[in-house]
Amino acid sequence: MTHATAKALLEKYFVGETSLPEEALLRGYFRAGNIHPDIQEYKDLFAYWDDAAKIKAPARRRSLPLRWLSTAAAAVLLLFAVNLWVAPNPEPELSELVMTETKTVDWSKYEITDEKEAYKVLRAALKTASTSMNSSTRGVIEEVSEAAAMIR
């Protein structure tokens, strides 16, 4: 290919009007090495793929993939769970347990025999229950009113 033909093809190339065979001719011209000094600066543009083909990717390290490691971890976990489920848990024998003597409680000293004292105890118990129920009712009413306000 002559210098004039290469220069004309380059002009067509930069305008975007070259066909694939014409681009192949340009690549061949720049690969040949007999390039005119006027268009020497475009050599890298067409010789890029030749240089890139010489570069080799680094060798990959052989390592265990994440899938294999996760599978092994799941298998170990499964074996551990099965072992806990299948292995018998020994129950202690009754003879091994320490028995203590039980004492009987004399409930008669806690019995209320006076009517006035019984009235006081009953009144205190009912007041405690009423207070607890009233505070629960207030809380429910507050929550319902907050929910109604949010809906509006």
Side-chain angles (χ1 to χ4, degrees), residues 6-7 9-31 35 39-152:
K7 196 163 188 171
L9 281 176
L10 273 175
E11 288 176 13
K12 271 179 76 175
Y13 178 79
F14 287 121
V15 175
E17 297 176 351
T18 55
S19 64
L20 291 176
E22 290 172 332
E23 289 178 18
L25 283 173
L26 276 173
R27 277 193 300 276
Y29 174 74
F30 283 105
R31 279 189 200 148
I35 304 167
I39 55 175
Q40 180 70 31
E41 61 188 280
Y42 301 116
K43 178 183 179 201
D44 293 337
L45 181 67
F46 291 97
Y48 172 77
W49 294 110
D50 293 335
D51 295 339
K54 294 175 188 171
I55 298 173
K56 300 233 178 190
R60 285 184 48 186
R61 258 187 340 152
R62 292 284 290 162
S63 64
L64 288 176
L66 184 60
R67 174 182 272 167
W68 286 104
L69 291 176
S70 62
T71 303
V76 167
L77 186 63
L78 183 66
L79 288 173
F80 182 71
V82 167
N83 184 33
L84 287 177
W85 183 54
V86 172
N89 290 335
E91 294 290 326
E93 295 289 327
L94 287 178
S95 61
E96 295 175 6
L97 297 176
V98 177
M99 295 292 208
T100 60
E101 291 184 28
T102 58
K103 297 180 182 177
T104 57
V105 178
D106 183 20
W107 292 103
S108 62
K109 62 182 175 183
Y110 298 109
E111 289 181 15
I112 300 172
T113 55
D114 185 24
E115 289 181 12
K116 288 183 180 180
E117 188 179 347
Y119 179 72
K120 286 179 186 178
V121 171
L122 176 63
R123 191 170 174 156
L126 289 175
K127 185 175 183 179
T128 303
S130 173
T131 305
S132 175
M133 291 174 76
N134 285 338
S135 67
S136 299
T137 306
R138 259 186 250 117
V140 169
I141 291 172
E142 288 174 4
E143 288 180 17
V144 168
S145 63
E146 285 177 12
M150 290 171 72
I151 292 173
R152 290 183 200 153

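- For D114, there are no side-chain hydrogen bond (donor to acceptor under 3.5 Å, both in side chains) partners two or more places apart in sequence or in a different chain.
- Side-chain N or O atoms of S145 include one that pairs as donor or acceptor with a backbone N or O of E142 at under 3.5 Å.
- Across A118 and I112, no two heavy atoms sit closer than the pair N-CG2, 3.5 Å.
- Contacts of K12 classified as salt bridge (charged side-chain N to carboxylate O under 4.0 Å, His left out), with partners at least two apart in sequence or in another chain: E22.
- For S108, the side-chain hydrogen bond (donor to acceptor under 3.5 Å, both in side chains) partners two or more places apart in sequence, or in a different chain, are D106.
- For the side-chain hydrogen bond (donor to acceptor under 3.5 Å, both in side chains) test, no residue two or more places apart in sequence or in another chain qualifies with E11.
- Note: L20 CG to R27 CZ = 8.0 Å, rounded to the nearest 0.5 Å.
- In this structure, OG on S19 lies 8.0 Å from CG on L25, to the nearest 0.5 angstrom.
- Taking the ring pair (Phe, Tyr, Trp, His ring centres under 6.0 Å) definition, one finds that Y29 meets it with nothing, sequence neighbours left out.
- Residues meeting the side-chain contact (heavy atoms from CB on, under 4.5 Å) test with E143, sequence neighbours left out: none.
- Taking every heavy atom of both residues into account, K43 and F30 meet most closely at CA-CD2, 3.5 Å.
- Within a 6.0 Å sphere centred on CD of E115, other residues, nucleotides and ligands contribute 12 heavy atoms or fewer.
- Applying the ring pair (Phe, Tyr, Trp, His ring centres under 6.0 Å) test to every pair with at least one member in residues 109-152, sequence neighbours left out, gives these pairs: W107-Y110.
- A distance-only check finds no donor-acceptor pair linking the side chain of S132 to the backbone of T128 [under 3.5 Å].
- Within the model, atoms CG of L126 and CZ of R123 stand 9.5 Å from one another, a figure rounded to the nearest 0.5 Å.
- Taking each heavy atom of L9 and T18 in turn, the nearest pair found is O-CG2, 3.6 Å.
- E117 is not listed as a side-chain neighbour of K120, based on a closest heavy-atom distance of 4.5 Å or more.
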